[in-house]
Amino acid sequence: MEKIIDFINVNREKYLDELKALLAIPSISALPEHAGDVKRCAEWCADEMRRIGLQNVRLIATPGNPVVYGDWLGAPGAPTSLFYGHYDVQPVDPLNLWESPPFEATIRDGEIYARGSADDKGQVFMHFKAVEAHLKQNGRLPVNMKFILEGEEEVGSVNLDDFVHAHKGDLHADVVVISDSGMFARGVPSMCYGLRGLVYFQLDLRGSSTDLHSGSFGGAVANPAFVLAQIIAQMKDRGGRVKIPGFYDDVRPLEEWERRAWSQLPFNEKQYKKNFGIPKLFGETGYTTLERTWARPTFEVNGLLSGFTGEGAKTVLPAVSMAKISMRLVPNQDPDKIAALFEAYVRKIAPKTVELKITRMHGGKPWMTSFDNPFVQAAGRAIERGFGRPPVFTREGGSIPVVSTFQEELGVPSVLFGVGLPDENAHAPNEKLDVSNFHNGIIASAYLYDEMAHIAVPA
Ligand code: BES
Ligand code: MN
Ligand code: MN
């Protein structure tokens, strides 16, 4: 391993330049005008995978954006690792809040600033470089590897379940490796053993066929902005508990050992409030901040739109109102079941004064794994080598829809080793990735494949 680590250290600066080229491609999956860039990014990844020495590299078409596939299968008898990551990124608006252009990666104060730096291009790139170092220095990898990169994670991985199902045989592996999550804090490397799931809706209300004069009609016609606010207000009680009947039925309670372990983590609530400009925290009564974000389900309004929002005043009764709504789910909540409960509740409480349209959007199942398997142990040792201390075990509030699919379809454990810091602005302006975490992440990944080599697997 010494040669490999030397190689990685020597190439430290070069890796940043290469990563900048990947970060320059605006592969925003949510915006149709970037479809060409998304495709170009897939091709860039495929070329890079060929450059580093992976084989059978190709784009595999889906009804949406292509999956980039590559493998190296020259280690008979050794385990096979399936790496998953995503090459698409979130939109960049509001653009004016970026201190440097989102697609011109810029290094300031030991951080590389660009959309996709932390989520997820920088983290995918760590594994590219780890594989490259093995192949360039040893001519081989310690394990068999399959890579799949998807281009639709940020829009809910809508085509990936079918993809995994259709390619189940080809994707067969002993472990799934993912670097698309966070590190608990600076200097506190982490492995993630749980993710929340998601259901997402759009609600559209119509109160009249056109906007109406609020003097002539106000008082006689329901206002869809107000009705929407009333509907939303009935979703949670004052203690932050979701009021949809049956919502909590399948929630797996927090285990006592988790509560104890999480209370030991170096979490500073004061600093958290300060970092994000939060006047006072709010959440479900009886749970800590970590418990609320990692192990409890939520109901959130992601966007609201109605009426006149320009400068000045306009006396109008809006014809329509719209809300984007999502619920984060925890084991063992089922997205379909929760979606049905939500719809039934909305239909029950919505007054007849408005026309109601409920549109279900993407989502994903929650996921949780036990971490007493040899792959997780191997990853723990690798992380310790890369970061100088063993990882803490965390759950996360975010969602990666395909992780539970891997579990169900392939029946193998996933190892989630992420290096994004909580203040690295994923999905927000000024997304960044700590350069030394990126570098240490490459070293940890190189060790990871080495550490996994000796794990006995079924032939
Ligand atoms: N990398 C994130 C998921 C994540 C966030 C994991 C924080 C761990 C901590 C991923 O790219 C993401 O943003 N997922 C979406 C999924 C959704 C669009 C279905 C999310 O969580 O909102
Ligand atoms: Mn991600
Ligand atoms: Mn994301």
Side-chain angles (χ1 to χ4, degrees), residues 22-23 27-31 38 41 64-65 83-92 102 114-127 148-161 176-185 189-202 276 290 292-295 297-298 300 302-303 324-330 335 338-339 360-369 391-405 414-429 431-433 441:
L22 172 58
L23 294 172
S27 50
I28 305 170
S29 50
L31 303 177
V38 172
C41 193
N65 299 328
F83 178 86
Y84 161 84
H86 61 94
Y87 64 86
D88 64 323
V89 299
Q90 286 278 335
V92 295
R115 172 58 84 230
S117 53
D119 187 10
D120 180 31
K121 289 172 174 175
Q123 301 206 56
V124 168
F125 208 68
M126 298 182 322
H127 290 266
I148 54 169
L149 303 185
E150 96 163 292
E152 299 182 303
E153 198 277 342
E154 299 293 11
V155 288
S157 301
V158 281
N159 293 299
L160 203 61
D161 280 1
V176 173
V177 173
I178 301 175
S179 284
D180 188 26
S181 50
M183 182 157 150
F184 185 74
S190 322
M191 282 179 77
C192 170
Y193 68 93
L195 293 165
R196 290 197 287 192
L198 188 75
V199 275
Y200 206 113
F201 282 97
Q202 179 168 328
F276 303 105
L290 289 182
R292 287 168 177 168
T293 52
W294 290 357
T298 64
E300 295 299 346
N302 300 111
K324 305 269 187 187
I325 281 168
S326 67
M327 287 155 267
R328 293 281 168 177
L329 309 179
V330 299
I338 295 297
R360 180 161 172 205
M361 298 161 95
H362 59 58
K365 288 184 190 168
W367 167 81
M368 198 167 154
T369 186
V392 297
F393 286 88
T394 62
R395 282 163 73 175
E396 297 258 25
S399 311
I400 307 175
V402 76
V403 180
S404 71
T405 312
S414 289
V415 168
L416 269 68
F417 144 57
V419 303
L421 287 168
D423 67 350
E424 284 187 332
N425 302 323
H427 295 201
E431 179 177 350
K432 58 187 175 176
L433 178 65

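Below, each value reflects all heavy atoms present in this structure, side chains not excepted, and no hydrogens, waters or symmetry copies. Bear in mind the structure is a predicted one, so any value in this text is a computation, not a measurement. One-based numbering, in listed order, for ligands and for the atoms of each.
- Of all atoms in ligand 1, listed by their number and element, those nearer than 4.0 Å to a heavy atom of S181 are 8 (C).
- With contacts defined as side-chain heavy-atom distances shorter than 4.5 Å, the pair M327/F201 qualifies.
- Ring orientation note: the planes of H127 and F83 are tilted relative to one another, at an angle of 30° to 60°.
- Contact annotation: Q90 has no heavy atom less than 4.0 Å from any atom of ligand 1.
- At least one heavy atom of D119 sits less than 4.0 Å from an atom of ligand 1.
- Regarding atom 7 (C) of ligand 1, its nearest protein heavy-atom neighbour is G398 CA, 4.0 Å.
- In this structure, F184 and L290 have side chains that are in contact, with non-hydrogen atoms separated by less than 4.5 Å.
- When hydrogens are left out, the protein atom nearest atom 14 (N) of ligand 1 is S399 O, 2.8 Å; that is the closest non-hydrogen contact.
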Please tabulate, for side-chain N and O atoms in residues 419-426, each donor-acceptor pair with protein atoms closer than 3.5 Å (sequence neighbours left out).
unit_1, atom_1, unit_2, atom_2, d
E424, OE1, L421, N, 2.7
E424, OE2, D434, N, 2.8
N425, ND2, N430, O, 2.9

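- Close approach to L198 involves these atoms of ligand 1, each under 4.0 Å from a residue heavy atom: 17 (C), 19 (C).
- In this structure, S29 contributes its side chain and E152 its backbone to no donor-acceptor pair below 3.5 Å.
- Looking at S190 and E396, their side chains never come closer than 4.5 Å, going by heavy atoms from C-beta outward.
- Counting heavy atoms only, R328 comes closest to atom 20 (C) of ligand 1 of the residues Q123, R328, M361.
- Remark: among candidates H362, E396, E153, the nearest residue to atom 11 (O) of ligand 1 is E153, based on non-hydrogen atoms.
- Listed by number with element, the atoms of ligand 1 under 4.0 angstrom from any heavy atom of P401 are 19 (C).
- Among all non-hydrogen protein atoms, the one lying nearest atom 6 (C) of ligand 1 is D180 O, 3.5 Å.
- Within the 4.5 Å cutoff, the side chain of T293 has heavy atoms near those of the R196 side chain.
- Looking at every heavy atom in both residues, E431 comes nearest to D119 through OE2-N, 2.8 Å.
- Scored by the side chain to side chain donor-acceptor pair (under 3.5 Å) test, E154 finds Q90, H427 as partners (sequence neighbours excluded).
- A 4.5 Å side-chain heavy-atom check between S414 and T369 finds every atom pair outside the cut-off.
- Scanning for salt bridge (charged side-chain N to carboxylate O under 4.0 Å, His left out) contacts around K365 gives E408, with sequence neighbours left out.
- The Mn ion (ligand 2) has H86 NE2, D119 OD1, D180 OD1, D180 OD2 as protein N, O or S atoms under 2.8 Å away.
- With ligand atoms numbered from 1 in the order given, ligand 1 contributes 11 (O) to contacts under 4.0 Å with heavy atoms of H86.
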